[in-house]
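So the structure is just underneath, and the comments pick up after that.
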Amino acid sequence: MSKKKRSKKKSRGDNSFLTVVSGIALGIVLVFSIISVDIISKMGIISLSGNNTEEPSDFVEVTEPGDEVQVIETLEELRGLNDLSSVLKNWADNTSENSLMRSKDVINFLLIGLDASNRNSDAIIIASLNKTTKKIHLSSVYRDSYTYINTSSGGKYAKMNACYANGGADKLVETIESDFKIRIDYYVSVNFDSFSSIVDSFGGIRLDVKEYEAAAVRAEIDDDCPSGENVLLNGKQALGFVRIRHCDADADVSRTRRQRQFLNALIDEAKNISINQISPLLNTVVKYIKTDCSVANIISLGTQALSNKWYDYEIVSSAIPKEEHRMDYRGYSWVWIVDYPAAARDLQLEIYGNSNIHLNEDRVSVIDIMRSTNNTGTARP
């Protein structure tokens, strides 16, 4: 069966009206496809009949789960991150196009939120749309997960959020695919510090904000922030909400929860977009969005979204790796040590309902070994 490879050419969305709309379509979350195509349809630019409902031109049309991934771990003792390096590299190297889980009924977007330097990815979320189960999975990847990065100057071991600085979005996509053995179809990156303007273009966003979270936001932004159920946050307040972490004992775990909470609220808000909001949204979003999804594929995806009512799909939120498959560790810096084979299997099962990773019942994981050799890790300050 022939396979179509992902195009690496980026589409900035600044050459035509449809390209600008595509920036909105994938700028924040997949559901923007629904909104943009709905608007374009109402304006008479495209119709919802004929070939508009075809699959995107570079979509992978396969149904098999891919080649089985062999889990090979031979170390009996791990004294620290140096010993762990070979395990991480072996798992990453044990990846091919055929070993990546993919399906014609699943579309995986990697949503990337960049810090002010545009170097580190402070938010990493895999948005997976499953046409069979009619669910959209929002899976946060912990940015402090310790991983192997295959850079142009050789292998590097660092936190997941350092991938972007070592090769941009393509390198982060490559690392996510290698670690979790799933195919990422498209990526979307947005400057995290500038999305406050995008939120303001919507007229704000409504969220449930606990008082302790509001207090942390006030300290973060040096401004007011309301608390309560379904309170309206402006762009500055919303940015503070998705960035705070030191107000929680579990730090980044709760921060990723708030990021998914924001995306859920944005999906609801996007469904109610009005024609009058088009111009400010176009003028604002296009400056901050980068994606490797072509304009033609944006239109195709958006038309399918509208025709097949993707906006009615159930939204399921989670974070990877799960608690039992990660361990906090302080060496030269604080990181999550991850049992990637188990974490990858969890993610595959959640997205596809199937996995090509077999784990022996008596398997001893890197987490088991690290803990048995008195590397119990330390709580994050």
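Since this is a predicted model, take the numbers as computed values, not measurements. What's counted below: heavy atoms across the whole structure, side chains too, no hydrogens, waters or symmetry copies.
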- Message: For a ring-ring contact (aromatic ring centres under 6.0 Å, His included) check, start with the C-alpha distance between Phe262 and Phe241, then their side-chain angles and the critical distance, and finish with the verdict.
- Response: CA-CA 9 Å; Phe262 170 83; Phe241 181 80; 8.1 Å; no
- Task: Start with the C-alpha gap between Tyr340 and Ser178, add the side-chain angles, then the distance that decides, and say whether side chain to side chain contact (heavy atoms under 4.5 Å, CB included) holds.
- Result: CA-CA 10 Å; Tyr340 280 109; Ser178 297; over 6 Å; no
Is the backbone N or O of [Y] less than 3.5 Å from a side-chain atom of [X], with the two atoms forming a donor-acceptor pair by type?
{"X": "Gln348", "Y": "Gly353", "result": "no"}
{"X": "Gln259", "Y": "Ala123", "result": "no"}
{"X": "Asn234", "Y": "Gln237", "result": "yes"}
{"X": "Asp144", "Y": "Met160", "result": "no"}
{"X": "Asn166", "Y": "Ala162", "result": "yes"}
{"X": "Arg260", "Y": "Ser318", "result": "yes"}
{"X": "Lys322", "Y": "Ala319", "result": "no"}
{"X": "Asn90", "Y": "Ser86", "result": "yes"}
{"X": "Asn108", "Y": "Arg183", "result": "yes"}
{"X": "Arg218", "Y": "Cys225", "result": "yes"}

[X] versus [Y], closest heavy-atom pair with distance:
{"X": "Ile351", "Y": "Ser128", "result": "CD1-OG, 3.3 Å"}
{"X": "Ile126", "Y": "Ile176", "result": "CD1-CG2, 4.0 Å"}
{"X": "Ala343", "Y": "Val338", "result": "CB-CG1, 4.1 Å"}
{"X": "Glu220", "Y": "Gly240", "result": "CG-CA, 4.4 Å"}
{"X": "Ile357", "Y": "Ala344", "result": "CD1-CB, 3.5 Å"}
{"X": "Ala265", "Y": "Leu207", "result": "CB-CD2, 3.4 Å"}

Minimum side-chain heavy-atom gap [X]-[Y] below 4.5 Å:
{"X": "Phe180", "Y": "Ile320", "answer": "yes"}
{"X": "Val106", "Y": "Leu129", "answer": "no"}
{"X": "Ile315", "Y": "Leu138", "answer": "yes"}
{"X": "Arg371", "Y": "Met327", "answer": "yes"}
{"X": "Leu114", "Y": "Asn120", "answer": "no"}
{"X": "Pro341", "Y": "Arg363", "answer": "yes"}
{"X": "Tyr148", "Y": "Lys89", "answer": "yes"}
{"X": "Val364", "Y": "Ile369", "answer": "yes"}

- Take Lys236 and Asp223, measure what salt bridge (charged side-chain N to carboxylate O under 4.0 Å, His left out) needs, and give me the verdict at the end. CA-CA 9 Å; Lys236 184 178 181 182; Asp223 203 345; 3.7 Å; yes
Distance, nearest 0.5 Å, that separates [atom1] of [X] from [atom2] of [Y]:
{"X": "Asn150", "Y": "Lys156", "atom1": "CG", "atom2": "NZ", "answer": "12.5 Å"}
{"X": "Phe109", "Y": "Ile125", "atom1": "CZ", "atom2": "CD1", "answer": "14.0 Å"}
{"X": "Tyr146", "Y": "Asp179", "atom1": "OH", "atom2": "CG", "answer": "12.5 Å"}
{"X": "Thr147", "Y": "Asn161", "atom1": "OG1", "atom2": "CG", "answer": "11.5 Å"}
{"X": "Asp292", "Y": "Asp170", "atom1": "CG", "atom2": "CG", "answer": "6.5 Å"}
{"X": "Tyr186", "Y": "Leu111", "atom1": "OH", "atom2": "CG", "answer": "14.0 Å"}

- List the steps and the verdict of side chain to side chain contact (heavy atoms under 4.5 Å, CB included) for Ile337 and Ile367. CA-CA 7 Å; Ile337 292 178; Ile367 305 297; 4.0 Å; yes
Under 4.5 Å between side-chain heavy atoms, hopping through other hydrophobics if needed: is there a path connecting [X] to [Y]?
{"X": "Ile149", "Y": "Tyr164", "answer": "no"}
{"X": "Met101", "Y": "Val316", "answer": "no"}
{"X": "Leu88", "Y": "Leu359", "answer": "yes"}

- Steps toward side-chain hydrogen bond (donor to acceptor under 3.5 Å, both in side chains) verdict (Lys181, Thr95): CA-CA 7 Å; Lys181 309 307 188 218; Thr95 306; 2.6 Å; yes
- Under the side chain to side chain contact (heavy atoms under 4.5 Å, CB included) rule, what do Ser139 and Leu347 come out as? Steps first, then yes or no, please. CA-CA 8 Å; Ser139 306; Leu347 183 62; 3.6 Å; yes
- Just one of Ile124, Val253, Thr256 clears the side chain to side chain contact (heavy atoms under 4.5 Å, CB included) bar with Ser140, so which one?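 In the set Ile124, Val253, Thr256, the residue that makes a side chain to side chain contact (heavy atoms under 4.5 Å, CB included) with Ser140 is Thr256.
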- Message: Please enumerate all residues that pass salt bridge (Lys or Arg N to Asp or Glu O under 4.0 Å) together with Asp200, with sequence neighbours excluded.
- Response: none
- Message: I'd like to check the salt bridge (Lys or Arg N to Asp or Glu O under 4.0 Å) partners of Arg257; sequence neighbours left out, ordered by chain and number.
- Response: Glu213
- Query: Got a sec: does the CG of Asn230 have more than 12 other heavy atoms crowding it under 6.0 Å?
  - Reply: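 Above 12, so yes.
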- Message: A quick test of your reading: do over 12 heavy atoms of other residues, nucleotides or ligands sit less than 6.0 Å from CD of Glu323?
- Response: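 No.
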- No-hydrogen, no-angle side-chain donor-acceptor test under 3.5 Å, Asp346 and His325: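 The criterion, which ignores hydrogens and geometry beyond distance, is satisfied for His325 and Asp346.
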- Message: Checking Glu314 against Lys134 for the side chain to side chain contact (heavy atoms under 4.5 Å, CB included) test, could you report, in this order, the C-alpha distance in whole Å, the side-chain angles of both residues, the deciding distance, and whether it holds?
- Response: CA-CA 7 Å; Glu314 177 186 357; Lys134 300 187 184 303; over 6 Å; no
- Query: Between Trp336 and Tyr142, what is the ring plane arrangement, given parallel below 30°, perpendicular above 60°, and tilted in between?
  - Reply: tilted
